[in-house]
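Each remark here refers to the structure printed beneath this line.
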Amino acid sequence: MEVRDLHPWPDTRAEAEAIQDGLRPLLDLDSPGPVRPRTVAGLDVSYAGDGDGTGARLAAAAVVLDAATLRVVEESVAVGTAAFPYIPGLFAFRELPTLVEALRGLRTVPDLLVCDGFGVAHPRRFGLACHVGVLTGLPAIGVGKTAFVGEHATPGPRRGDASPLTDDGEVVGRVLRTQDDVKPVFVSVGHRTGLDDACRIVLELAPDYRLPETTRRADRLSRDALRS
DNA sequence: GCGACAG
DNA sequence: ATCTTGTCGC
């Protein structure tokens with residue numbers, strides 16, 4: 001599939017933040033988004049080592065599933081190098097180049113992208129899912145495993161229970177329980193999707209495990225690609 | 001100034 | 001993310 005060319009690459013933290021600020025106005029946070037996506041792509045990245053600096057070997061995977069059956073429609077992997085040090089808030093710059101390469105290897109154009117990490121639930125309201133959404137033009141959401149920004153009440157214990165994730169007085173996402181008595185995930189919108197739809201789709205993608213099947217598939221594929 | 005801090 | 005032993009449970 002087509003993906004917009006990467007903007008000039010930042011060498012410093014300030015440049016990276018400037019890029020986020022420049023791209024943020026391109027976000028579409030009002031469109032209804034895909035109510036019934038037929039295909040959903042999961043994105044994930046695995047690392048080889050080398051700590052949090054630049055240069056670590058990594059593998060990025062994009063796995064397209066049929067949303068109704070959760071069967072794999074297509075897979076794409078790319079190996080590369082960490083393009084930026086790990087800095088909370090600038091996480092996207094670390095793996096974006098390789099992730100984009102994996103997306104370009106896709107023949108299918110998915111109806112929705114599910115990223116590991118966050119969308120607008122981000123200090124500058126421009127997390128990885130926003131970045132990927134703007135670069136591809138596709139609806140995108142983020143599913144994070146641990147808290148990053150904002151405050152939230154503990155959601156109820158049952159699958160489907162949720163509580164709003166708020167930051168500076170605005171709702172930036174939702175803490176969603178995907179399985180009974182299992183630690184919830186953090187869902188936030190990235191691009192061209194509503195929060196209600198995002199949460200409903202995440203639940204549909206996670207019938208048996210805490211994380212959506214899209215993420216689990218991409219995680220496994222990227223990990224396997226790293227050892228070869 | 002200090003602690004926290006997606007993956 | 002990754003590094004890792006043991007442990008609980010289907």
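Lettering follows sequence order; numbering is per chain, from 1.
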Need one value for [X]: base, sugar-phosphate or nothing, where a base atom within 4.0 Å counts as base even if backbone is also close, heavy atoms only.
{"X": "A:G142", "answer": "nothing"}
{"X": "A:L128", "answer": "base"}
{"X": "A:L90", "answer": "base"}
{"X": "A:A147", "answer": "sugar-phosphate"}

Note to self: Tell me the interatomic distance from A:Y47, atom OH, to C:dT2, atom P, rounded to whole angstroms.
What the structure shows: 9 Å
Next item on the list: Could you tell me the separation between the CG atom of A:L211 and the C1' atom of C:dA1, rounded to a whole number of Å?
Entry: 14 Å
When you compare the protein's N or O atoms with those of nucleotides 7-10 of chain C, which come within less than 3.5 Å of each other, and at what distance?
none

Using atom types as modelled and distance alone, determine if a side-chain donor or acceptor of [X] lies under 3.5 Å from a backbone N or O of [Y].
{"X": "A:R13", "Y": "A:L90", "value": "no"}
{"X": "A:T215", "Y": "A:L211", "value": "no"}
{"X": "A:D161", "Y": "A:R158", "value": "yes"}
{"X": "A:S222", "Y": "A:A218", "value": "yes"}
{"X": "A:R159", "Y": "A:T178", "value": "yes"}

Margin query: Do the side chains of A:R216 and A:E213 get close enough for a salt bridge, i.e. N-O under 4.0 angstrom?
Written below: yes
Notebook entry, point to check: Is the shortest side-chain N to carboxylate O distance from A:D168 to A:R124 below 4.0 Å?
Noted result: no
Checklist line | Residues touching DNA chain B, which here means a heavy atom under 4.0 Å, drawn from residues 115-127 of chain A | finding: A:D116, A:G117, A:F118, A:H122, A:G127
Next item on the list: May I ask you to test the A:P164-A:R174 pair for a side-chain heavy-atom distance under 4.5 Å?
Entry: no
Next item on the list: Mind checking the OH-OG1 spacing from A:Y47 to A:T81? Nearest 0.5 Å is all I need.
Entry: 11.0 Å
Checklist line | Distance in Å, A:T193 OG1 paired with A:I201 CD1, rounded so as to fall on 0.5 Å steps | finding: 7.0 Å
Checklist line | Donor + acceptor pair across side chains of A:H7, A:H131 (<3.5 Å) | finding: yes
Next item on the list: Under 4.0 Å from any heavy atom of chain A: name the first and the last nucleotide of DNA chain B that qualifies, 5' to 3'.
Entry: B:dC5 to B:dG7
